[in-house]
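Since the structure comes first, as structure tokens, the remarks are kept for the end.
Residue numbers start at 1 and run along the sequence shown.
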Amino acid sequence: MTFPGPWLEPERTEGGTRRYRADDLDRLRRIGDLLEAGLNPAGIGRVLNLEAQNMQLRADKEEQQWLKTASIPANKSPKPTSSSNKHDSTRTR
């Protein structure tokens, strides 16, 4: 059974043995769940693509929200402090 897309990319040892990462094993479990749900390989490929796109969109949204809260508007000038006001009021002419 072949799935569209490079869903698993194991590394190889010097002896040629495949070494899977934890992400690869999670992906295999997800594929197994989708097979049990009755999806065919093409359907599984579509679901995995959509899930990856969804994760990327969520990450982009979180980054945008973080940038909004982290940035300081450039058009706002600092407010005068109370010490500068006192200095102006005590000045003699």
*Donor-acceptor pair between Asp60 and Gln56 side chains, under 3.5 angstrom*: yes
*Determine whether more than 12 heavy atoms belonging to other residues, nucleotides or ligands lie under 6.0 Å from atom CD of Glu11.*
no
*Sort and list the pairs that fulfil salt bridge (charged side-chain N to carboxylate O under 4.0 Å, His left out) and have at least one residue in residues 47-59, not counting sequence neighbours.*
Arg30-Glu51
*If we only count heavy atoms from C-beta on, is the Arg19 to Arg12 side-chain gap below 4.5 Å?*
no
_Close side-chain approach of Leu35 and Ile31, heavy atoms under 4.5 Å_ = yes
Atom [atom1] of [X] and atom [atom2] of [Y]: how far apart are they, to the nearest 0.5 Å?
{"X": "Asp23", "Y": "Leu28", "atom1": "CG", "atom2": "CG", "answer": "11.0 Å"}
{"X": "Leu48", "Y": "Arg46", "atom1": "CG", "atom2": "CZ", "answer": "12.5 Å"}
{"X": "Ile44", "Y": "Asn49", "atom1": "CD1", "atom2": "CG", "answer": "12.0 Å"}
{"X": "Leu67", "Y": "Gln64", "atom1": "CG", "atom2": "CD", "answer": "6.0 Å"}

*Quick one: list whatever passes salt bridge (charged side-chain N to carboxylate O under 4.0 Å, His left out) with Asp26, sequence neighbours left out.*
Arg29
